[in-house]
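One structure is given below, encoded as structure tokens.
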Amino acid sequence: MAIERTFSIVKPDAVAKNVIGEIYSRFERAGLRIVAAKMIHLSREKAEGFYAEHKERPFFGALVDFMTSGPVMVQVLEGENAIKANREIMGATNPAEALRGTIRADYAVSVDENAAHGSDSPESAEREINYFFSADEICPRTR
Ligand SMILES: Nc1ncnc2c1ncn2[C@@H]1O[C@H](COP(=O)(O)OP(=O)(O)OP(=O)(O)O)[C@@H](O)[C@H]1O
């Protein structure tokens with residue numbers, strides 16, 4: 001498997017809990033490198049664009065309220081099978097179903113405040129990375 005990149009968000013609930021470092025350590029322990037990162041406070045427009053695929057879902061308004069409720073960390077993770085590896089360490093969308101030891105099991109409280117986001121396919125990873133980062137903000141490959 002070639003080295004791959006994925007996009008990740010530490011959501012406002014996890015930033016408020018002061019566990020950015022804990023979550024970054026989990027990425028690193030799983031063999032993922034943080035090759036770009038920044039803290040931002042999403043505007044409604046930016047959050048709505050990011051979750052455009054969920055526009056018609058009943059929880060869309062609440063999701064945008066939550067994602068704009070405080071700062072988030074956005075990052076690009078690089079490693080072997082990075083998309084799947086990151087989804088595994090995040091755990092299921094609903095923390096009640098997330099395996100023990102995953103980020104969502106340990107730090108999230110509910111499906112709407114679920115601590116982290118990770119791209120679910122190479123196509124979403126590319127779209128999401130480009131939605132938040134310009135090429136010159138991402139470290140060139142080091143390996
Ligand atoms: N039933 C729901 N009620 C409230 N919020 C939901 C619900 N389903 C999903 N969400 C919110 O919308 C986000 C995107 O949903 P999606 O189905 O894409 O899950 P995901 O891919 O696991 O999560 P993410 O895209 O954040 O990584 C979820 O992370 C969650 O915050």
Side-chain angles (χ1 to χ4, degrees), residues 1-17 19-141:
M1 179 61 171
I3 297 291
E4 177 177 81
R5 284 179 173 174
T6 191
F7 174 73
S8 158
I9 304 179
V10 177
K11 293 187 179 182
D13 57 328
V15 172
K17 280 195 180 128
V19 293
I20 298 168
E22 302 279 343
I23 292 174
Y24 275 26
S25 294
R26 288 169 186 234
F27 297 149
E28 293 178 344
R29 283 204 300 273
L32 298 170
R33 281 169 189 261
I34 298 157
V35 296
K38 58 190 169 190
M39 179 175 271
I40 52 175
H41 196 141
L42 293 175
S43 64
R44 286 197 79 80
E45 189 189 13
K46 191 90 178 167
E48 284 169 1
F50 182 69
Y51 281 119
E53 65 178 300
H54 295 307
K55 204 165 62 229
E56 307 305 331
R57 308 280 286 275
F59 57 81
F60 184 70
L63 175 60
V64 172
D65 287 347
F66 166 61
M67 290 301 290
T68 57
S69 66
V72 298
M73 290 297 300
V74 291
Q75 48 280 332
V76 178
L77 307 177
E78 185 182 277
E80 257 181 49
N81 229 345
I83 296 169
K84 185 157 172 278
N86 182 42
R87 300 277 299 182
E88 278 174 12
I89 59 175
M90 281 196 309
T93 306
N94 184 347
E97 292 161 12
L99 294 179
R100 283 175 66 184
T102 59
I103 291 169
R104 283 165 167 167
D106 289 346
Y107 302 120
V109 288
S110 65
V111 70
D112 27 30
E113 302 205 0
N114 64 358
H117 162 81
S119 310
D120 60 6
S121 67
E123 296 71 34
S124 346
E126 192 180 351
R127 177 187 86 85
E128 294 172 0
I129 290 169
N130 293 330
Y131 192 72
F132 284 99
F133 292 98
S134 58
D136 65 358
E137 290 177 304
I138 304 174
C139 280
R141 298 237 156 118

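Reckoned from all heavy atoms, side chains included, excluding hydrogens, waters and symmetry mates.
- Closest approach of V64 to A47, counting heavy atoms only: CG1-CB, 4.2 Å.
- A donor-acceptor distance shorter than 3.5 angstrom exists from the side chain of R104 to the backbone of A116, with no hydrogens or angles considered.
- One finds no salt bridge joining K17 and E22 here, because no Lys/Arg side-chain nitrogen approaches an Asp/Glu carboxylate oxygen to under 4.0 Å.
- In this structure, E4 contributes its side chain and I83 its backbone to a donor-acceptor pair below 3.5 Å.
- Atom NZ of K11 and atom CG of D112 lie 9.0 Å apart (nearest 0.5 Å).
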Task: Residue pair L42, F132: steps toward the side chain to side chain contact (heavy atoms under 4.5 Å, CB included) verdict - done: CA-CA 10 Å; L42 293 175; F132 284 99; 3.5 Å; yes

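- The shortest side-chain heavy-atom distance between Y51 and R57 does not fall under the 4.5 Å cut-off.
- Looking at every heavy atom in both residues, A108 comes nearest to N114 through CB-CA, 3.5 Å.
- Other residues, nucleotides and ligands place no more than 12 heavy atoms under 6.0 Å from the CD atom of E126.
- Figure legend: K38 and F133 shown as a cation-pi pair, the cationic atom lying under 6.0 angstrom from the six-membered ring centre and within 45 degrees of its axis.
- In this structure, the side chain of E137 engages the main chain of S134 through a donor-acceptor pair within 3.5 Å.
- M67 is not listed as a side-chain neighbour of F50, based on a closest heavy-atom distance of 4.5 Å or more.
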Task: M39/V72 under side chain to side chain contact (heavy atoms under 4.5 Å, CB included): CA gap, chis, key distance, verdict - done: CA-CA 6 Å; M39 179 175 271; V72 298; over 6 Å; no

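- Looking at every heavy atom in both residues, P12 comes nearest to S69 through CB-OG, 3.6 Å.
- For the atom pair OG1 of T68 and CD of E45, the computed distance is 12.5 Å after rounding to the nearest 0.5 Å.
- Within the 4.5 Å cutoff, the side chain of T6 has no heavy atoms near those of the L32 side chain.
- For the atom pair NZ (K55) and CZ (F60), the distance works out to 7.5 Å, reported to the nearest 0.5 Å.
- The CZ atom of R87 sits 4.5 Å away from the CE atom of M90 when rounded to the nearest 0.5 Å.
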Open item on the list: Is there a side chain to side chain contact (heavy atoms under 4.5 Å, CB included) between I20 and V15? Walk through the geometry before answering.
Closed with: CA-CA 6 Å; I20 298 168; V15 172; 4.2 Å; yes

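- Residues passing the salt bridge (charged side-chain N to carboxylate O under 4.0 Å, His left out) test with K46: none are found, sequence neighbours excluded.
- Listed here is the closest heavy atom pair of S119 and E128: OG-OE1, 2.7 Å.
- L77 and S8 make their closest contact through CD1-CB, 3.9 Å (heavy atoms, listed as atom of the first residue, atom of the second, distance).
- To the nearest 0.5 Å, atom CD of residue E78 and atom SG of residue C139 are 8.5 Å apart.
- With sequence neighbours excluded, no residue forms a salt bridge (charged side-chain N to carboxylate O under 4.0 Å, His left out) with D13.
- Between Q75 and V10, the closest side-chain pair of non-hydrogen atoms falls below 4.5 Å.
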Open item on the list: Applying side chain to side chain contact (heavy atoms under 4.5 Å, CB included) to I23 and Y107, what does each step give before you reach the verdict?
Closed with: CA-CA 9 Å; I23 292 174; Y107 302 120; 4.0 Å; yes

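- Heavy atoms only, all atoms of each residue included: E80 and I3 are closest at N-CD1, 3.9 Å.
- In this structure R26 satisfies the salt bridge (charged side-chain N to carboxylate O under 4.0 Å, His left out) test together with D106, sequence neighbours excluded.
- Between F7 and H117, the ring-plane angle classifies as tilted under the 30° and 60° cut-offs.
- Under the 3.5 Å distance criterion, the side-chain polar atoms of R100 are left unmatched by any main-chain donor or acceptor of A105.
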TODO: Go through E123 and R127 one step at a time and tell me if the salt bridge (charged side-chain N to carboxylate O under 4.0 Å, His left out) criterion holds.
DONE: CA-CA 6 Å; E123 296 71 34; R127 177 187 86 85; over 6 Å; no

